Trainee: 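Below you will find the structure I want to go over with you.
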Amino acid sequence: MKFNPSEFDRKWQQHWRENGTYRTTNDSTKPKYYVLDMFPYPSGAGLHVGHPLGYIASDIFARYKRLQGFNVLHPMGFDSFGLPAEQYAIDTGVHPSVSTAKNVQRYQEQMERLALSFDWERAVNTSDPNYYKWTQWIIGLFFHHWYDKAADKARPITDLEAHLEAKGAEDLMAAEGEALSITSAGFKAMDAKERSEVLMNYRLAFRSVSTVNWCEELGSVLANDEVKDGRSERGNFPVVQRPMVQWFLRITAYAERLLQGLDTVDYSEGLKAQQTNWIGKSTGAMAHFDIEGHDLQLDIYTTRPDTIFGTTFMVLAPEHEWVDRLTTEEQRSAIEKYKTYAASRSELERQSDVKVVTGAFTGSYCINPLNNARVPIYIAEYVLKDYGTGAIMAVPSDDERDKRFAEKFGIDIIDVVDKSNYPGASLKDKVGVMINSGFLDGMEVPEAIKAATQKLEDMGRGYREVNYRIRDLIFSRQRYWGEPWPIVYDEQDIPTYLPVEDLPVELPPMEDFRYRDGLAPLARATEWVDSPQGRRETDTMPATAGSNWYYLRYMDPNNPDAFVGKDVVDYWQDVDLYVGGAEHAVSHILYSRLCHKLLFDLGYVPSREPYKKLLNQGMIGAPITSINMAKVAVDGSEKTVWLGYGHEAGDTITLGDGTEAKVIAMDGSRKVPLRMVEETSVDNEAKFWLYQSAVNELVDDDAADAAYFRQILTQAEEIVWTKDKEGRSYIELSYQMGKMSKSKHNVINPDDICARYGTDAFRMYEMFLGPIDQAKPWSVSGIDGVSRFLRRFWNLYVNQDALNISDDEASKEEMKVLHTLIKKVTEDIEKLSFNTCVSAFMVASNDLGKLKCNKRTVLEPMLVLIAPFAPHLADELWAALGHTTSVHQADWPQLDEKWLVEDSVTLPIAFNGKTRFTLEFPADADKAAVEAAALANEQVQKQLDGAAPKRVIVVPGRMVNMVV
RNA sequence: GCCGACGUGGCGGAAUUGGUAGACGCGCUGGAUUCAAAAUCCAGUUUCUUCGGAAGUGCGGGUUCGAUUCCCGCCGUCGGUACCA
């Protein structure tokens, strides 16, 4: 039997598929374990070597848990709705359903190639109507419920109607759009339309007008996390603010619980911090300021009520609803001018010059409730309409922005906090002693915050308030490729959420789904819109709708009657280990947690959190290599050439025909597809070379990156080659490390690696690269080492192409190697430290090689240990050892500590903490015996040079330290 | 600015509760094998060294018999986020 991975990889992959080796049952007496990967969006590019990192890690863990006797749910699916497929369709004319199906198949093949042990019978696909029927149904739960703050949970909207009928809005503690004052009689008197509007104020999925991120090029609104620096994350198009009617999910109702829940889950600190920041809880006070000459109270939110005596002006957001009312005649033109200016500013402009102070005076004044001071009211764009009340009390002495504003507009600054006892404290640190603040004088800041809040409350001019940064989730997209909102409107525009019998509301077949004439694509499917039940909603849901709950569908993927069966979800409960990229740290995880909490409130799921433990794998980067363009002077004329790394203007170079040329200027660079590049090491430095032979091969190559590079080469007249030792022509490329992406031409395809080295080598190498959660560069050079190791490992079992296994008793040393390995691998898999597992296998294999061990008692359990990492090789050798069932159905070897016990122990002998040499001691020697033996030793005496040590520290089994 | 992660040979990285720093692999050097090469195998590989040793985990301090590990203060890299009152 030969070591031939490309042969046995195929053989075993087929075997596992045909035998359903990885099929999971819902009906088992074994304990459950759920290992989940974030499902991919199946893009046309296929997988690159960065994707499988997390998949391989979770696969190893899933396989390990199976071998340990767990019933493991380890599924995979596809997040196939969303913008890219639709953009691709618009660009190429291929319908998203067609390209999606093709890509899904490609992904599945690639994943099988990587021996990922998914139960494919459980695969889900978010754009499949059988799946999105339940997505629509779950979003319906949001529509049919409201959040009762008193009970701290979601309740049916019918309960709310009963409450309103009985008592009106009195005693109603609800998460709401705005505070409504409704009486019982008033509610009863309302017609259907009015009632619908009132209820909409409370629904967890609601329709509302709001300023949204509008992207004209994409023809859709975007969620905040889909916008980066004022441009769309997808496509990098400009995004503007625009008021629109949209569907929302009331995530703000769950802000506190989403925050609290983070304490109960095992996520990284960084990820918890990101979610915490996103939720953005702050504690402070509401305060009411009377407005001079108006029967109005200006409400403001502040985290620093202690500084209220330092308030020297107020600021409203330019869009604040009272701006017009508060503007005096003489200020009207200035205010109008400023409002026009503010409205013209894009999100991008606002963000780019944050330090620029602008604003205008309304002409009106407020009265400070605590000291009756008269303070002017300004408007300025640094106050945001959507945070707090859209208005602030400005305290220039203790706020950086207020200070800049006061300085620019010549407003008084009153110091109210003496920080002289806190050197180094910055303006916004909540420390110091109050001054110039009436009854607060002399108090420390934390005390003063409490006192000021209490005073406001006693006066009826304010109260303690908690504020959250998080905004309700915009859940409408004016796009085609997503779940239609299953809503119909009657003649009065009253929306009805269609019941489960009418779901799914499927997408109408359309050829052209561009956004045009201000109409969403679905609005043009007129026959579809005019349904017998009423006029259909034409917005679709964002991609996050399907991924919110997919982990539940895997439990019971074909259930026609429910999104998941009750008994099934009671068995599988929740995800024990969730593995995926950190780029979804905020949005996907947060929205998924929201969805889960609603389902929990309504009794559909038994747990409060969907993902118990989360592992974010690090990104794998790759070199991005470039060729440089230069203008050179030769024989009085100019020429454009390609130059290697390290040239600058003024250099003299030799052209291909032997003439000399002078570099006039470097003129940019172009990316070279990594596939054509050779990595070399010169003087311990990585170099990337492009060979002339690789360029010559381009002529016949029809791959996309070859076409791209052929086109690049036409942009200059020649490449200035250098000769290497063998006389081959090359050019050295400039490079930097970066994320793998098609546009950077540095994608490395796992298929090629698997074909060349075998899947087992690829899997182990990816794990060997470093800690799973750390970003690391891809380098192909190390894979040879892993490949060599697997061959050596194989040769422990096979000699001269024949199985070479002895049934003799193994020696103590051999057993020690095995049990050391069992201990190390078991512990390290539990710690998700896969790179050290690979080292442990190498060490064991090296040790057994030296011992020339071929004992079945040692080698057989080792196959079970390595099976999660190298599943093909393990099954191939396992079968050769005479087994008729797969190694993946074996039992994990048990550690027997007795093999690890030593007769003697080697201890380092240190003097003043510096290790000098080691000595052997009997393993059972106690402290005194070790000390005596050490002092009697010749080397120790020599080191001590006749003197007695001041102190001898013996740590049994660890070391001996002598203080001299 | 704020939040988070990290900083160890030429490179990827290892080091249990504070206890032999550099495991394992790559690369490199030398050797064996070969007509030769590839592949394989063996030995060496932190730096300096007067060959006795000495220094050494971003920098500067501290705690300790002993610090890559704990504490304080800096510097740097990466990721996230930002007029949030």
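These numbers come from a predicted model, not from an experiment. Order of the sequence lines sets the chain letters (A, B, ...), proteins ahead of strands, with each chain counted from 1.
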Trainee: Is there a Watson-Crick or G-U wobble partner for B/rU64 with both distances under 3.5 Å, and if so, which one is it?
Mentor: none

Trainee: Which of residues 309-321 of chain A have a heavy atom under 4.0 Å from RNA chain B?
Mentor: none

Trainee: Want to settle it: does A/M959 or A/T302 sit nearer the 5' end of RNA chain B, counting the closest nucleotide to each?
Mentor: A/M959

Trainee: Could you please name the partner base of B/rU20, counting Watson-Crick and G-U wobble pairs only when both distances are under 3.5 Å?
Mentor: none

Trainee: Using Watson-Crick or G-U wobble geometry with both distances under 3.5 Å, which nucleotide pairs with B/rA43?
Mentor: B/rU29

Trainee: So, taking the atom named NE2 in A/H588 and the one named CE in A/M38, what distance separates them when rounded to the nearest 0.5 Å?
Mentor: 5.0 Å

Trainee: Between A/F768 and A/F834, is the gap from one ring center to the other below 6.0 Å?
Mentor: no

Trainee: How close or far is atom C1' of B/rG12 from atom CZ of A/F834, stated in whole angstroms?
Mentor: 18 Å

Trainee: For the residue pair A/Y378 and A/F405, categorise the inter-ring angle as parallel (less than 30°), tilted (30 to 60°) or perpendicular (more than 60°).
Mentor: perpendicular

Trainee: Have a look at B/rG60 and give me syn or anti from its glycosidic angle (syn if within 90° of zero).
Mentor: anti

Trainee: Which part of the nucleic acid, if any, lies within contact of A/V383, taking any heavy atom under 4.0 Å across all strands shown: a base, the sugar-phosphate backbone alone, or nothing?
Mentor: base

Trainee: In this structure, how many angstroms lie between the P atom of B/rC84 and the CD atom of A/E381, rounded?
Mentor: 13 Å

Trainee: A/P908 has a side chain; which of B/rC83, B/rG19, B/rU20 sits nearest to it?
Mentor: B/rU20

Trainee: A/P623 and A/N746: which non-hydrogen atoms are nearest, and at how many Å?
Mentor: O-CB, 3.2 Å

Trainee: Closest approach of A/G310 and A/P396, non-hydrogen atoms and distance?
Mentor: O-CD, 3.7 Å

Trainee: What is the distance from CD of A/Q275 to P of B/rG4, rounded to the nearest Å?
Mentor: 15 Å

Trainee: As a test of reading the structure: which of B/rG4, B/rU81, B/rU16 is closest to the side chain of A/R469, going by heavy atoms?
Mentor: B/rU81

Trainee: In B/S/- notation, 5' to 3', how is nucleotides 66-75 of chain B contacted by protein heavy atoms closer than 4.0 Å?
Mentor: S---------

Trainee: Determine the interatomic distance between P on B/rG22 and the same-named atom on B/rG10; round to the nearest Å.
Mentor: 16 Å

Trainee: Can you check nucleotides 13-15 of chain B for protein contacts, nitrogen or oxygen pairs under 3.5 Å, and list what you find?
Mentor:
{"from": "B/rG13", "atom 1": "O3'", "to": "A/N835", "atom 2": "ND2", "distance (Å)": "3.4"}
{"from": "B/rA14", "atom 1": "OP1", "to": "A/N835", "atom 2": "ND2", "distance (Å)": "3.0"}

Trainee: With RNA chain B as reference, determine whether A/G390 or A/N846 sits nearer its 5' end, using the nearest nucleotide of each.
Mentor: A/N846

Trainee: Would you please confirm or rule out a distance under 4.0 Å between OP1 or OP2 of B/rA21 and any side-chain N or O of A/T915?
Mentor: yes

Trainee: Roughly how many Å apart are B/rU45 and B/rU34, using the P atom of each and rounding to a whole number?
Mentor: 28 Å

Trainee: What nucleic acid atoms does A/T303 come within less than 4.0 Å of, heavy atoms only: base, sugar-phosphate, or nothing?
Mentor: sugar-phosphate

Trainee: Listed by chain and number, what are the ring-ring contact (aromatic ring centres under 6.0 Å, His included) partners of A/Y341, not counting sequence neighbours?
Mentor: A/Y338

Trainee: Closest approach to the side chain of A/L384, judged atom by atom: which nucleotide of B/rA5, B/rA85, B/rC24 is it?
Mentor: B/rA85

Trainee: Considering only the P atoms, how many Å lie between B/rC71 and B/rC6, rounded to the nearest integer?
Mentor: 13 Å

Trainee: Using the P atom as the point on both nucleotides, what is the distance between B/rC59 and B/rA67, in whole Å?
Mentor: 15 Å

Trainee: A/F921 and A/A934: which non-hydrogen atoms are nearest, and at how many Å?
Mentor: CE2-N, 4.0 Å

Trainee: Roughly how many Å is it from CD in A/E269 to P in B/rC6, rounded to a whole number?
Mentor: 11 Å

Trainee: With rounding to whole Å, what would you report as the distance between B/rG80 and B/rA85 at their C1' atoms?
Mentor: 22 Å

Trainee: Return the nucleotide paired to B/rG4: Watson-Crick means purine N1 to pyrimidine N3 with N6-O4 or O6-N4, wobble means G-U with N1-O2 and O6-N3, both under 3.5 Å.
Mentor: B/rC78

Trainee: Considering only B/rU16, B/rA5, B/rC65, which nucleotide approaches the side chain of A/R951 most closely?
Mentor: B/rC65

Trainee: Does any N or O in the side chain of A/Q617 come within less than 3.5 Å of the main-chain N or O of A/I772, such that one atom is a donor and the other an acceptor?
Mentor: no

Trainee: Would the distance check show the side chain of A/T389 and the main-chain N or O of A/D299 forming a donor-acceptor pair, the cut-off being under 3.5 Å?
Mentor: yes

Trainee: For A/Y387 and A/Y301, take the angle between the two ring planes, folded into 0 to 90°, and tell me which bin it lands in: parallel under 30, tilted 30 to 60, perpendicular over 60.
Mentor: perpendicular

Trainee: Under 4.0 Å between any heavy atoms, over every strand shown, what does A/V955 touch: base, sugar-phosphate, or nothing? Just pick one.
Mentor: base

Trainee: State which of B/rA85, B/rG4, B/rU81 makes the closest approach to the side chain of A/A273.
Mentor: B/rG4

Trainee: Can you list everything that forms a ring-ring contact (aromatic ring centres under 6.0 Å, His included) with A/Y468? Sequence neighbours excluded, please.
Mentor: none

Trainee: Which whole-number value in Å describes the distance from A/R958 CZ to B/rU17 P?
Mentor: 9 Å

Trainee: Using the C1' atom on both, measure B/rG53 against B/rU77 and round to a whole Å.
Mentor: 36 Å

Trainee: Rounded to whole Å, please give me the gap between NZ in A/K823 and P in B/rA23.
Mentor: 21 Å

Trainee: Would you kindly give the CG-to-C1' distance between A/L271 and B/rG79, to the nearest whole Å?
Mentor: 12 Å

Trainee: For B/rA85, take OP1 and OP2 only and decide whether either is under 4.0 Å from a side-chain N or O of A/Y301.
Mentor: no

Trainee: State the pairing partner of B/rC83; accept Watson-Crick or G-U wobble contacts with both distances under 3.5 Å, and report none otherwise.
Mentor: none

Trainee: With rounding to whole Å, what would you report as the distance between B/rG76 and B/rG30 at their P atoms?
Mentor: 42 Å

Trainee: For the P atoms, the ones on B/rC65 and on B/rU17, what distance do you get once it is rounded to whole angstrom?
Mentor: 22 Å

Trainee: Would you name the heavy atoms of A/L790 and A/L873 that are closest together and state the gap between them?
Mentor: O-CD1, 4.1 Å

Trainee: Within this structure, what is the NZ-OG distance for the pair A/K613 and A/S268, rounded to the nearest 0.5 Å?
Mentor: 10.0 Å

Trainee: Closest heavy-atom contact between A/P949 and A/L935?
Mentor: CG-CD2, 3.8 Å

Trainee: Hey, mind stepping through A/D472 and A/T252 against side-chain hydrogen bond (donor to acceptor under 3.5 Å, both in side chains) and telling me if it holds?
Mentor: CA-CA 6 Å; A/D472 282 328; A/T252 48; 2.7 Å; yes

Trainee: State whether the side chain of A/N277 and the backbone N or O of A/G280 hold a donor-acceptor pair below 3.5 Å, judged by distance alone.
Mentor: no

Trainee: Dump every N/O contact between nucleotides 38-49 of chain B and the protein below 3.5 Å, one line per pair.
Mentor:
{"from": "B/rU40", "atom 1": "OP1", "to": "A/R788", "atom 2": "NE", "distance (Å)": "3.4"}

Trainee: Sort out the partner of B/rA14 for me: Watson-Crick or G-U wobble, both distances under 3.5 Å, none otherwise.
Mentor: none

Trainee: Syn if the chi torsion is within 90° of 0, anti otherwise; quick check, which is B/rG52?
Mentor: syn

Trainee: For the aromatic rings, using the six-membered ring if either is Trp, is the centroid distance between A/Y765 and A/W778 under 6.0 Å?
Mentor: yes

Trainee: Take the protein atom CD of A/E583 and the nucleotide atom P of B/rG4, then report the distance between them rounded to whole Å.
Mentor: 21 Å

Trainee: Are A/F409 and A/F313 near enough that their ring centres are under 6.0 Å apart?
Mentor: no

Trainee: From the set B/rC24, B/rG19, B/rC65, return the single nucleotide nearest to any side-chain atom of A/V963.
Mentor: B/rC65

